[in-house]
Amino acid sequence: MEGDTIHKGITFVNSPVDEISHLALDIGGTLIKLVYFSASREQIVDKTQTNSSRDSNGVSNGSKDRRLINGKLYFIKFETSKINECLDFISSKQLHYRGVQHCGFPISDKNIIKATGGGAFKFADLFKEKLGISLDKVDEMSSLVSGANFLLKAVPSEAFTYVNGQRNYAQIDNNDLYPYLLVNIGSGVSMIKVDGDGKFERVSGTSVGGGTFWGLGKLLTKCKSFDDLLEMSHQGNNRVIDMLVGDIYGGMDYLKIGLTSTAIASSFGKAVSEDKELEEYQPEDVARSLLRMISNNIGQIAYLNALRFGLKKIFFGGFFIRGHAYTMDTISVAVDFWSKGEAKAMFLRHEGFLGALGAFMNYQLVEEFPKSVRLMGEKNCDPHVEDLNDNGTIECCVQATS
């Protein structure tokens, strides 16, 4: 299809400039996440007058038109190391031309895009040079919390537990959401205690996260991408490399302290006693052991922080998970083990886009968060819809003023 854009096997039909509004970016050390809103033509569903509003300095602007506009939120990701692909995508879809004039969003004279993450600072000059974009930097932790709060309140079947290979979707009571622990697993891991909208504290973290998995995996297996490494781990057997309790106790459990014979006593521990070089181990087994070690560690630290603050709900986000069954199972087992069954790990379908979505919510044209953006359509209520972690969309209604 001439004029369309193809990204990772998905074709995106190019839209006229005046149908696109409000691109937001989360530029991490490993991945760039994009969220943007595309309005449907002639889909203004309401138009009312508000008596007054205030600008960023608190000065009243007088009456304004308020419009509710149907459209879609799009979710796209790129590897940060391939940032030029991201720039080409933005340019091809003209996402840097902000505004939907016919729907009430004014066309912006200045191409100012909301962005969060360390890359919003690192690559600011590159975006300016290549696309004429000025990046308006939004606090990273604030964006993560805003994105998580919106998803948990507005998206049906957003959160789920993963037990025995089955997803069990949770019905979130908006009146009983707070407090909770948000564990965002990116290149590193941040653990954030969330007490309400705009009320949060980063209480812990660890440098052992997705970047560790990818970095060590690349060195040990020669894998070229994170997804390839995940797929390789799916084929492996960590028991070839990990030292289990049964290896120490002659195949027996150590039930006195609650350890089965299959519990890991030492990650990569068998490599110590075996006279083998790295080349003699299967890369699939190495990848599996590495994924298990990091996932177990994150699950344990997360629960200990939840215990520290008396938190009953633990939500895991970030692109490290990617809906990968083995990762979710390992984290779930770790939380269940250390809590003695009293706590459950909960995962998010839009796990990788919390920061980008939170940055999107910072546009002043989008008011009264989270009421100003709401979902539409039965398909969003279907728990069998796949994870929307890449090339996904959700139909929604955005409130704008003009």
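Quick caveat, the model's predicted, so the values are computed rather than measured.
- Residues Glu79 and Ser225 are in side-chain contact: their nearest non-hydrogen atoms beyond the backbone lie under 4.5 Å apart.
- Geometrically, Arg167 does not engage Tyr162 in a cation-pi contact defined by less than 6.0 Å to the ring centre and at most 45° from the axis.
- If you check the side chains of Arg202 and Ser190, you find a donor sitting under 3.5 Å from an acceptor.
- In this structure a side-chain-to-backbone donor-acceptor pair under 3.5 Å is missing from Ser146 to Gly358.
- Side-chain contact between Ser261 and Leu244 is absent, with no heavy atoms from C-beta onward closer than 4.5 Å.
- Nearest approach of Arg292 to Thr330, heavy atoms of both residues: O-CG2, 3.8 Å.
- Applying the ring-ring contact (aromatic ring centres under 6.0 Å, His included) test to Tyr326 and every residue at least two apart in sequence or in another chain returns nothing.
- When all heavy atoms of Gly299 and Val335 are compared, the pair lying nearest together is O-CG2, 3.7 Å.
- The side-chain heavy atoms of Ile172 and Glu158, taken from C-beta on, include no pair separated by under 4.5 Å.
- The closest side-chain donor-acceptor pair between Ser134 and Lys128 falls under 3.5 angstrom.
- Taking 4.5 Å as the limit, every side-chain heavy atom of Phe315 sits out of range of all side-chain heavy atoms of Val183.
- At least one side-chain heavy atom of Phe319 sits less than 4.5 Å from a side-chain heavy atom of Arg322.
- For the side chain to side chain donor-acceptor pair (under 3.5 Å) test, residues two or more places apart in sequence or in another chain that qualify with Ser289 are Asp242.
- Remark: side-chain polar atoms of Arg288 are paired, donor with acceptor, to backbone N or O of Ser233 under 3.5 angstrom.
- The closest donor-acceptor contact from the side chain of Asp329 to the backbone of Ala325 lies at 3.5 Å or more, if one exists at all.
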Indicate every side-chain donor-acceptor pair of residues 277-285 with a distance under 3.5 Å to a residue at least two apart or in another chain.
unit_1, atom_1, unit_2, atom_2, d
Glu280, OE2, Glu277, N, 2.9
Tyr281, OH, Glu274, OE1, 2.8
Asp285, OD1, Asn237, N, 2.8

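- Here the side chains of Phe123 and Ile27 are in contact, with some heavy-atom distance below 4.5 Å.
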Review item, side-chain donor-acceptor pairs of residues 207-217, under 3.5 Å, at least two apart:
unit_1, atom_1, unit_2, atom_2, d
Thr212, OG1, Ser207, O, 3.0
Thr212, OG1, Gly209, N, 3.0

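- Atom OH of Tyr180 sits about 5.5 Å away from atom CG of Leu152, to the nearest 0.5 Å.
- Applying the salt bridge (charged side-chain N to carboxylate O under 4.0 Å, His left out) test to Lys313 and every residue at least two apart in sequence or in another chain returns nothing.
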Given Phe78 and Ile83, is the side-chain contact (heavy atoms from CB on, under 4.5 Å) satisfied, shown in steps? CA-CA 7 Å; Phe78 296 87; Ile83 192 171; over 6 Å; no
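- To the nearest 0.5 Å, the span separating CG on Leu87 from CG on Leu95 amounts to 11.5 Å.
- A donor-acceptor pair is defined here as one N or O able to donate and one able to accept, closer than 3.5 Å; such a pair exists between the side chain of Arg308 and the backbone of Val203.
- Salt-bridge formation is not detected for the pair Asp197/Lys199: no Lys NZ or Arg NE/NH1/NH2 atom is positioned less than 4.0 Å from an Asp or Glu carboxylate oxygen.
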Test log, rule side-chain contact (heavy atoms from CB on, under 4.5 Å), inputs Ser295 and Phe320: CA-CA 9 Å; Ser295 299; Phe320 170 72; 3.7 Å; yes
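- Residues Phe353 and Val35 approach most closely at CD2-CG2, 4.0 Å, considering heavy atoms.
- Remark: of the listed residues Ile241, Val245, Asp247, Asp247 is the sole one forming a side chain to side chain contact (heavy atoms under 4.5 Å, CB included) with Met243.
- Considering every non-hydrogen atom in both Ala345 and Phe316, the closest pair reads CB-CE1, 3.5 Å.
- Summarising the geometry, atom CG belonging to Asp136 is positioned 8.0 Å from atom CG belonging to Asn362; distances are rounded to the nearest 0.5 Å.
- For the residue pair Thr30 and Ser187, a side-chain donor N or O sits within less than 3.5 Å of a side-chain acceptor on the partner.
- Atom CD1 of Ile298 and atom CE of Met293 lie 10.0 Å apart (nearest 0.5 Å).
- In terms of the salt bridge (charged side-chain N to carboxylate O under 4.0 Å, His left out) criterion, Asp228 has no residue partners (sequence neighbours excluded).
- Judged by distance alone, the side chain of Glu201 and the main-chain N or O of Ile192 form no donor-acceptor pair under 3.5 Å.
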Any chance you could lay out the side-chain contact (heavy atoms from CB on, under 4.5 Å) test for Leu354 and Asp26, step after step, and finish with the verdict? CA-CA 9 Å; Leu354 304 185; Asp26 179 3; over 6 Å; no
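- Distance check: Leu135 CG to Phe127 CZ gives 6.0 Å after rounding to the nearest 0.5 Å.
- Proximity of Asn175 to Leu177: side-chain heavy atoms (C-beta onward) are nowhere separated by under 4.5 Å.
- When all heavy atoms of Cys223 and Met232 are compared, the pair lying nearest together is SG-CE, 3.5 Å.
- When the shell of 6.0 Å around NZ of Lys137 is examined, it contains more than 12 heavy atoms from other residues, nucleotides or ligands.
- Taking the centre of each ring, Phe337 and Tyr303 stay at or above the 6.0 Å mark.
- At distances below 3.5 Å, at least one donor-acceptor pair connects side-chain atoms of Thr116 with backbone N or O atoms of Val138.
- No more than 12 heavy atoms of other residues, nucleotides or ligands sit less than 6.0 Å from atom CG of Asn164.
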Run Phe160 and Arg349 through side-chain contact (heavy atoms from CB on, under 4.5 Å) and show every step you take. CA-CA 8 Å; Phe160 61 92; Arg349 289 174 58 220; 3.9 Å; yes
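- Counting heavy atoms from C-beta outward, Phe75 and His350 have side chains that approach closer than 4.5 Å.
- Asp336 and Lys344 make their closest contact through OD1-NZ, 3.4 Å (heavy atoms, listed as atom of the first residue, atom of the second, distance).
- Taken from CE in Met346 to CG in Leu181, the straight-line distance is 10.5 Å, to the nearest 0.5 Å.
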